[in-house]
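Here the structure is laid out as structure tokens; the discussion comes afterwards.
All of these numbers come straight from a predicted model, not from anything done at the bench.
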Amino acid sequence: MITVQLPDGSERSLPAGATALDLAGTIGRGLAKASVAAVVNGTATDLTAALNDGDHVSIVTDNTDDGRHVLRHSTAHVLAQAVTRLFPGTKFSVGPAIEHGFYYDFDLPDGRTLSDDDLRAIEAEMKAIVSADQPFIRSEMSPDEALQLFADQPYKCEIINRVRAASGDSLDAAEVGRGDVISAYRNSDAFVDMCVGPHVPSTGRLGYFALQRVSGAHWRGDEGARMLQRVYGTAWESKSALDEHLTRLEQAAARDHRRLAIDLDLLSFPSEIGGGLAVWHPKGAIVRRIMEDYSRLRHERGGYQFVYTPHLTKGTLFETSGHLDYYADGMYPPMEMDNGTYYMKPMNCPMHCLIYASRQRSYRELPLRLFELGTVYRYERAGALHGLMRIRGFTQDDSHIFCTEEQLADEVASLLDFVLSVLRAFGFDDFTFNLSTKDPNKYVGTDDIWERATEALREALERHGLEYGIKEGDAAFYGPKIDIDVRDAIGRSWQLSTIQADFNNPQRFDLEYVGSDNNRHRPIMLHRALFGSVERFFGVLLEHYAGAFPTWLAPLQVRVLPVSSAHEEYAAKVVEQLRAAGARVDSVGADDGLGRRIRAAKLEKVPYVLVVGDDDVAAATVGVNPRGGEVERNVTVDAFIKRLTAEIDESTRRALNA
RNA sequence: GCCUGGGUAGCUCAGUCGGUAGAGCAACGCACUCGUAAUGCGUAGGUCGUGAGUUCGAUUCUCAUCCCAGGCUCCA
């Protein structure tokens with residue numbers, strides 16, 4: 001007999017050789033059925049592994065994150081087996097579990113690629129493997145034995161060799177673990193895969209999965225390496241969990257900003273103009289204008305000085321800044337002109353540097369904050385474009401702050417306040433912060449200044465009591481930065497704002513100020529954007545609100561609907577009153593039924609629909625049908641105007657003081 | 001840039017095994033004048049992304065190209 005300890009501290013005695021699955025069975029049939037793996041003495045283990053006396057054991061069930069991870073990873077093995085069955089000679093590389101699912105990368109014989117039809121066939125083959133209830137049988141071996149076992153799997157051999165040479169990465173580790181002992185899981189005589197595990201006891205435990213898409217993926221994520229066929233899938237513990245997930249995906253698709261931009265007539269991407277270049281329609285332009293006006297107002301109050309700079313510049317400017325060396329690929333190609341080579345600007349900072357450098361600066365002017373809604377052009381690669389989120393022409397709410405090193409921490413601290421206040425104004429309140437530090441292989445400036453600037457950013461974060469992550473080596477070459485991600489209404493995270501220190505440009509543009517000591521000093525430059533790009537921020541907002549902009553931002557705030565044409569004159573009067581009060585309002589005559597017109601207004605997500613009929617004409621009232629609220633009759637026009645302006649003022653006021 | 005799909009009416013899509021295309025919604029017209037999410041009837045609307053090739057004939061097949069979607073890579 002052996003005795004094992006459970007997570008609650010209790011002990012169980014089991015016959016020698018018993019497994020975690022046996023243990024789960026003694027605790028309860030339900031647990032045994034839901035179990036997919038175990039954690040033994042802190043290590044994830046197969047349910048079928050024999051337990052030892054004194055082990056600390058907890059059972060991993062299929063409705064936990066860890067349990068789903070096991071399900072997904074095991075399903076990836078089934079996928080690999082199905083593909084090798086259908087396409088003999090397939091070489092497979094890696095197939096990890098990922099958030100919500102899994103993928104597996106394949107190199108099919110003769111460079112064959114997979115189509116969507118293939119996916120359906122593979123899925124059917126996978127179902128057959130699940131029905132066959134094949135066991136997952138673990139074995140362990142030395143690297144040499146593994147090289148022999150996987151002799152016809154070059155990708156596996158490469159992983160084994162790399163790990164043995166101690167240069168493996170985390171993806172490799174998921175395959176082979178420590179490297180001195182390599183484990184493999186066999187499902188059948190014909191299929192064995194190298195893997196750390198753990199796995200479910202048999203394929204019959206799986207089945208609630210769906211293959212989603214096929215795509216190319218470079219081996220080891222290296223663009224120069226061979227392109228493999230990657231199959232993505234999702235897997236869950238039950239049909240209902242799978243269905244819920246698929247439903248969530250549909251709901252997310254329904255609030256896709258590209259869909260909403262078309263439905264709500266906000267903007268479009270005419271192919272005549274070219275990929276990644278948007279035109280803003282009147283309704284989208286209203287929202288954008290309010291966003292920009294708001295941004296200008298906040299910057300004006302925040303002590304920023306507004307500047308304008310051109311969209312074109314001689315290439316020499318970007319030679320000075322160094323961007324041509326680093327980012328020429330990401331810039332629009334040069335235009336040869338009679339007095340030099342010109343480029344569209346991919347950023348505003350060098351031009352702001354020139355404004356700084358246009359005359360001698362005193363320490364008394366610092367911090368000097370230059371602000372511009374600056375439109376820039378970047379040649380994003382065709383495959384990288386994504387609606388407003390990744391776009392080739394966009395407008396940054398861009399500011400460059402020139403300050404002394406001593407001012408850096410204070411300036412960053414007040415910037416954090418500013419950023420959060422602006423983001424809150426637009427309805428975001430869940431933020432995460434990341435501090436990116438020096439990439440030892442790619443940086444300018446002395447170690448000393450990096451150290452002090454990084455410390456200043458850290459101090460600013462800590463002064464706010466903010467929790468933050470560290471991204472080692474993720475800084476731009478010119479200085480450390482703080483990135484701010486926001487979480488939207490459906491839980492997705494977006495990186496919007498950024499605050500970056502820059503030691504490069506001040507040096508390259510030879511920026512100076514005269515200090516109180518009458519000597520010349522070099523300022524530090526801060527780049528910062530709050531929206532990031534106006535376009536992208538608009539896209540995130542659109543998805544955040546699912547198109548239902550709050551009243552202060554809504555393109556149309558009120559629509560007045562006369563019950564019949566007899567009430568159109570009164571409706572026009574109401575419109576006039578509302579317009580005089582500053583509301584964006586229109587009216588639709590009674591050519592169509594009232595229900596139809598209300599439906600149309602609801603689909604346009606107008607915040608307020610006002611219905612006016614006989615009663616209202618008689619009493620100077622309106623019927624108020626608010627978006628997402630209850631209908632209210634007999635509200636006087638004055639009362640509604642008061643309510644509307646109070647709501648708009650309130651959100652604007654809150655926005656200004658947040 | 002690479003892999004896999006796709007581009008047909010304003011939108012969502014069907015269709016043509018090669019013989020110049022159809023639905024729903026939207027638009028327009030007429031009737032209806034209606035109290036809170038779809039009134040009825042009718043009309044119009046497309047060189048089937050663009051260019052070339054094969055063919056008696058191409059929206060359909062081939063090639064090129066542009067654009068879109070999902071990935072990979074990239075993102076100052």
Side-chain angles (χ1 to χ4, degrees), chain A residues 103 105 111 113-119 212-232 253 256 258-259 262-263 265 268-277 318 321-331 345-350 376 378-387 389-392 396 442 475-479 481 495 498 500 502 504-505 527 533 536 561-568 589-604 609-616 622-626 630-634:
Chain A
Y103 68 79
D105 287 350
T113 55
L114 293 172
S115 69
D116 290 353
D117 287 341
D118 293 327
L119 232 49
Q212 293 169 299
R213 63 186 80 91
V214 58
S215 77
H218 299 282
W219 165 235
R220 301 192 54 71
D222 174 359
E223 192 172 5
R226 187 179 181 77
M227 179 152 281
L228 308 172
Q229 292 291 299
R230 174 171 297 179
V231 177
Y232 282 95
D256 187 304
R258 294 161 302 184
R259 173 83 260 133
I262 296 169
D263 289 348
D265 194 16
S268 58
F269 293 88
S271 60
E272 292 86 342
I273 295 179
L277 298 165
F318 292 115
S321 70
H323 288 105
L324 266 177
D325 291 343
Y326 282 92
Y327 299 113
D329 287 350
M331 290 168 62
K345 67 172 169 181
M347 78 279 297
N348 307 299
C349 24
V376 299
R378 297 182 183 176
Y379 191 76
E380 300 288 358
R381 299 210 279 177
L385 297 175
H386 180 87
M389 305 309 191
R390 205 58 191 280
I391 191 172
R392 284 178 172 158
Q396 297 177 308
K442 190 179 167 193
F477 71 91
Y478 49 69
K481 64 173 176 176
Q495 196 223 300
T498 182
Q500 311 183 353
D502 184 349
N504 181 53
N505 275 307
H527 304 244
S533 103
R536 185 179 148 85
L561 300 179
V563 171
S564 81
S565 18
H567 313 113
E568 282 177 14
D591 288 342
D592 277 319
L594 181 62
R596 186 182 188 83
R597 285 176 288 149
I598 287 176
R599 176 179 152 82
K602 294 294 178 186
L603 292 176
E604 286 177 50
V609 176
L610 303 186
V611 173
V612 294
D614 287 335
D615 301 350
D616 300 298
V622 294
V624 180
N625 184 338
E630 295 290 308
V631 171
E632 196 180 339
R633 292 284 300 273
N634 306 317

**Message:** Among U4(B), G1(B), G70(B), which nucleotide has an atom closest to any side-chain atom of Arg258(A)?
**Reply:** G70(B)

**Prompt:** Given the C1' atoms of C74(B) and C17(B), what is the spacing between them in whole Å?
**Reply:** 43 Å

**Prompt:** Quick one: the side chain of Arg599(A) and the base of A38(B), do they pair up donor-acceptor inside 3.5 Å?
**Reply:** yes

**Message:** Give me the distance, rounded to whole Å, that separates U8(B) from G42(B) when you measure between the P atoms they each carry.
**Reply:** 28 Å

**Request:** Assess whether one donor atom and one acceptor atom, taken from the side chain of Arg390(A) and the base of C74(B), lie less than 3.5 Å apart.
**Result:** yes

**G71(B) phosphate, OP1 or OP2, under 4.0 Å from His386(A) side-chain N/O** = no

**NZ/NE/NH1/NH2 to OD/OE distance under 4.0 Å, Asp256(A) and Arg258(A)** = yes

**Item:** Residue Glu380(A), side-chain atoms from C-beta onward, closest of U4(B), C74(B), U36(B)
**Value:** C74(B)

**Message:** Considering every strand and a 4.0 Å limit on heavy-atom distances, what is the contact class for Asp329(A): base, sugar-phosphate, or nothing?
**Reply:** nothing

**Prompt:** Taking OP1 and OP2 of A26(B), is either one under 4.0 Å from a side-chain nitrogen or oxygen of Arg596(A)?
**Reply:** yes

**Complete:** Dot-bracket assigned to RNA chain B with the 3.5 Å Watson-Crick/G-U criterion, [ ] for crossing and | for other-strand pairs, is (((((((..((((.....[..)))).(((((.......))))).....(((((..]....))))))))))))....

**Rounded distance in Å between the P positions of G35(B) and C30(B)** = 23 Å

**Request:** Pick base, sugar-phosphate or nothing for Gly623(A), based on heavy-atom distances below 4.0 Å to the nucleic acid.
**Result:** base

**Item:** Below 4.0 Å: OP1/OP2 of C72(B) and any side-chain N or O of Tyr232(A)
**Value:** yes

**Request:** Output the single nucleotide from A76(B), C75(B), A37(B) whose closest atom is nearest the side chain of Gln500(A).
**Result:** A76(B)

**Request:** Remember a base hit wins even if backbone is also touched, and classify Leu228(A) as base, sugar-phosphate or nothing at under 4.0 Å, heavy atoms.
**Result:** nothing

**Message:** Can you work out whether Ser215(A) or Gly330(A) has the more 5'-proximal nearest nucleotide on RNA chain B?
**Reply:** Ser215(A)

**Item:** Side-chain donor/acceptor of Asp616(A) to base of G35(B), under 3.5 Å
**Value:** yes

**Prompt:** Under the 3.5 Å rule, do the base of C74(B) and the side chain of Arg381(A) count as making a donor-acceptor pair?
**Reply:** no

**Pairwise 5' ranking along RNA chain B for Arg213(A) and Tyr327(A), keeping only the more 5' one** = Arg213(A)

